[in-house]
Amino acid sequence: QLFMTNSEENKFWFDELGVKYSEDKSILIKSVSKLENYEIHNGCTTIARCAFELCSIKTIKIPNSVVNINEMAFFRCYLLEEIIIPNSVTFIGFEAFSESSLKYVHLPKYLTYIEDRMFKGCNSLLSIEIPDSVERIGERAFYRCTSLRTISIPNSVQQFGGAFLNGCNSLANIYFNNEQIKINDIYLFTKDNLLISSIIKKEFVSIDIPDYIEIIGNGAFSGANNVEKVNLHDKIYRLEDWSFFFFFKLYETIEIPNSVNYIGLGAFMYCHNLNYIDIPLNIKTIHSSTFYKCSRLRKVQLPYGIKN
């Protein structure tokens with residue numbers, strides 16, 4: 001079946017179930033929302049952005065012809081519990097499976113990047129094995145995968161995005177053979193003492209940053225919404241972007257030591273209970289959205305040297 005728009009340059013092909021492809025059938029453009037079981041046509045090379053977004057899909061078969069799964073392709077597929085991705089796939093876009101109901105996923109062996117937020121909010125995901133072809137894990141890749149118990153990280157991974165395991169408060173086993181990161185209790189940090197992610201259990205209401213951490217990385221404590229108090233030591237000198245984002249139970253104030261010389265974008269965004277804060281003497285710039293939605297903030301003490 002061929003559908004032609006008013007502009008004859010745009011031609012599409014629809015299969016017998018109403019799924020929309022490009023005319024040459026190489027791109028799956030859009031599924032139908034109530035489709036439960038589906039086998040993608042052999043010869044298709046690309047699953048387009050948002051192709052199955054909010055669909056009722058339960059099972060899907062992906063042929064070996066598929067190379068690309070674009071961003072948000074299976075976003076919020078609440079009934080999709082398992083997917084086997086063939087080894088032909090070399091690219092999977094950001095948020096491709098975000099907020100789906102996946103319990104199990106088989107990643108292809110030639111994948112090089114786990115893109116940002118790829119599995120964010122997959123609350124049913126139980127375990128994940130990252131293939132040894134992967135070189136980078138993106139920001140918040142597994143953010144708030146609250147049922148995740150086991151993850152395996154190979155030595156091939158050279159870059160880790162901020163908060164990539166934040167909110168995974170059921171995580172019991174982290175298997176890794178990697179020289180780039182260290183794990184101590186709930187903290188994942190680099191050999192340069194940069195905290196990249198924290199696994200804050202539900203029962204934690206107060207945390208003490210260990211003295212080997214010198215930089216609170218991008219989003220490193222984001223989403224720890226049960227914590228009421230955090231103690232920073234005077235070896236810490238940078239709070240990167242979003243470092244305490246959505247710390248909404250943080251009680252009244254946080255004491256930032258004078259050793260800190262940088263506070264990043266959105267660092268205390270959505271800290272609803274924050275009432276008072278004293279900005280350290282070495283801070284020259286307050287960045288955009290630093291205190292956005294801090295609805296109870298009443299007083300900010302600024303240093304004399306503030307410029308921007």
A.B. asks: Where is the tightest heavy-atom contact between W13 and S22, given as atom of each residue plus distance?
C.D. replies: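 For W13 versus S22, the nearest heavy atoms are CB-O, 3.8 Å.
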A.B. asks: Testing the basics here: between I199 and C168, what is the closest heavy-atom pair and its distance to 0.1 Å?
C.D. replies: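 Looking at all heavy atoms of both residues, the closest pair is CG2-O, 3.1 Å.
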A.B. asks: Tell me every residue that passes salt bridge (Lys or Arg N to Asp or Glu O under 4.0 Å) with R49, counting only those two or more places apart in sequence or in another chain.
C.D. replies: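 Result, salt bridge (Lys or Arg N to Asp or Glu O under 4.0 Å) vs R49: E71.
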A.B. asks: I want to check something: taking the side chain as every heavy atom from C-beta on, are L165 and R140 in contact at a cut-off of under 4.5 Å?
C.D. replies: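 L165 does not reach R140 side chain to side chain.
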A.B. asks: Any side-chain heavy atom of L102 sitting closer than 4.5 Å to one from L80?
C.D. replies: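 Counting from C-beta outward, L102 and L80 do come under 4.5 Å.
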A.B. asks: Is there a donor-acceptor contact under 3.5 Å linking the side chains of S197 and N166?
C.D. replies: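 Side chains of S197 and N166: pair found under 3.5 Å.
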A.B. asks: Identify each donor-acceptor pair in which a side-chain atom of residues 263-283 lies under 3.5 Å from a protein atom, sequence neighbours left out, and give them as a table.
C.D. replies:
{"residue": "H272", "atom": "ND1", "partner": "K293", "partner atom": "O", "Å": "3.1"}
{"residue": "N273", "atom": "OD1", "partner": "R296", "partner atom": "NH1", "Å": "2.8"}
{"residue": "N273", "atom": "ND2", "partner": "F248", "partner atom": "O", "Å": "3.3"}
{"residue": "N275", "atom": "ND2", "partner": "R296", "partner atom": "O", "Å": "3.3"}
{"residue": "N282", "atom": "ND2", "partner": "N258", "partner atom": "O", "Å": "2.8"}

A.B. asks: Suppose clustering is done on Ile, Leu, Val, Met, Phe, Trp and Tyr with side-chain heavy atoms closer than 4.5 Å. Which residues sit in the same group as Y110?
C.D. replies: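 Besides Y110, the cluster holds no residue at all.
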A.B. asks: D116: what forms a side-chain hydrogen bond (donor to acceptor under 3.5 Å, both in side chains) with it, not counting sequence neighbours?
C.D. replies: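 So D116 forms a side-chain hydrogen bond (donor to acceptor under 3.5 Å, both in side chains) with R136.
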A.B. asks: Decide whether M72 and F91 are clustered together by the hydrophobic rule: side chain heavy atoms of Ile, Leu, Val, Met, Phe, Trp, Tyr closer than 4.5 Å, transitively.
C.D. replies: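 The answer is no; the residues belong to distinct hydrophobic clusters.
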A.B. asks: Excluding sequence neighbours, so at least two apart, what forms salt bridge (Lys or Arg N to Asp or Glu O under 4.0 Å) with E139?
C.D. replies: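 With neighbours one apart ignored, the set is empty.
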A.B. asks: Shortest non-hydrogen contact from S198 to Y187?
C.D. replies: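 In this case the closest contact between S198 and Y187 is CB-CD2, 4.3 Å.
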A.B. asks: Could you work out, with side chain to side chain contact (heavy atoms under 4.5 Å, CB included) as the rule, every residue matching Y175, not counting sequence neighbours?
C.D. replies: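 T150, S152, N173.
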A.B. asks: Does S156 have any side chain to side chain contact (heavy atoms under 4.5 Å, CB included) partners at least two apart in sequence or in another chain, and if so, which?
C.D. replies: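 S156: side chain to side chain contact (heavy atoms under 4.5 Å, CB included) contacts with D132, P154.
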A.B. asks: Relative to the ring of Y262, is the ring of H287 parallel (under 30°), tilted (30 to 60°) or perpendicular (over 60°)?
C.D. replies: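 Ring orientation of H287 relative to Y262: tilted.
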A.B. asks: Please give me the minimum heavy-atom distance between S222 and G219, naming the atom from each residue.
C.D. replies: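 Taking every non-hydrogen atom into account, OG-O, 2.8 Å.
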A.B. asks: Using the test salt bridge (Lys or Arg N to Asp or Glu O under 4.0 Å), find all partners of E39 that sit at least two apart in sequence or belong to another chain.
C.D. replies: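 None.
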A.B. asks: Quick one: list whatever passes side chain to side chain contact (heavy atoms under 4.5 Å, CB included) with N184, sequence neighbours left out.
C.D. replies: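 By the side chain to side chain contact (heavy atoms under 4.5 Å, CB included) rule, N184 matches F189, Y212.
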A.B. asks: Minimum heavy-atom separation for H41 and S65, please, with both atom names.
C.D. replies: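 So the minimum-distance heavy-atom pair works out to O-OG, 4.3 Å.
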A.B. asks: Membership question, hydrophobic clusters at under 4.5 Å side-chain separation (ILVMFWY): are I69 and F75 in the same one?
C.D. replies: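 Result: no, two separate clusters.
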A.B. asks: Applying side-chain hydrogen bond (donor to acceptor under 3.5 Å, both in side chains), run through S259 and D234 and close with a yes or a no.
C.D. replies: CA-CA 6 Å; S259 55; D234 60 8; 5.9 Å; no
A.B. asks: Measuring only between side-chain heavy atoms, which start at C-beta, is I151 closer than 4.5 Å to F142?
C.D. replies: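 They are in contact (side-chain heavy atoms under 4.5 Å apart), so the answer is yes.
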A.B. asks: Using the test salt bridge (Lys or Arg N to Asp or Glu O under 4.0 Å), find all partners of E99 that sit at least two apart in sequence or belong to another chain.
C.D. replies: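 With sequence neighbours excluded, E99 shows a salt bridge (Lys or Arg N to Asp or Glu O under 4.0 Å) to R76, K120, given in chain and number order.
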A.B. asks: Drop me the distance from E95's CD to N70's CG, to the nearest 0.5 angstrom.
C.D. replies: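 E95 atom CD to N70 atom CG measures 13.5 Å (nearest 0.5 Å).
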A.B. asks: Hydrophobic clusters join Ile, Leu, Val, Met, Phe, Trp and Tyr when side-chain heavy atoms are under 4.5 Å apart, directly or via other members; which others share one with Y143?
C.D. replies: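 Answer for Y143: none, a lone residue.
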A.B. asks: Hey, what's the ring geometry for Y38 with F52, parallel, tilted or perpendicular (30° and 60° as the breaks)?
C.D. replies: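 It falls in the tilted class, 30° to 60°.
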A.B. asks: What residues, two or more places apart in sequence or in another chain, satisfy side chain to side chain contact (heavy atoms under 4.5 Å, CB included) together with P131?
C.D. replies: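 Partners of P131 under the side chain to side chain contact (heavy atoms under 4.5 Å, CB included) test: L107, S133, V134.
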A.B. asks: Tell me, do I153 and F164 make a side-chain contact under 4.5 Å, heavy atoms counted?
C.D. replies: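 They are in side-chain contact.
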A.B. asks: Side-chain donor-acceptor pair under 3.5 Å between D241 and N218, yes or no?
C.D. replies: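 N218 and D241 do not have a side-chain donor-acceptor pair below 3.5 Å.
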A.B. asks: Shortest non-hydrogen contact from I27 to A48?
C.D. replies: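 That closest heavy-atom pairing would be CG2-CB, 4.0 Å.
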A.B. asks: How are the rings of F244 and F247 set relative to one another: parallel (under 30°), tilted (30 to 60°) or perpendicular (over 60°)?
C.D. replies: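 The rings of F244 and F247 stand perpendicular, inter-plane angle above 60°.
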A.B. asks: In plain terms, say whether R238 and E240 are close enough for a salt bridge, that is, a side-chain N and a carboxylate O under 4.0 Å apart.
C.D. replies: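 Looking at R238 and E240, the cut-off is met.
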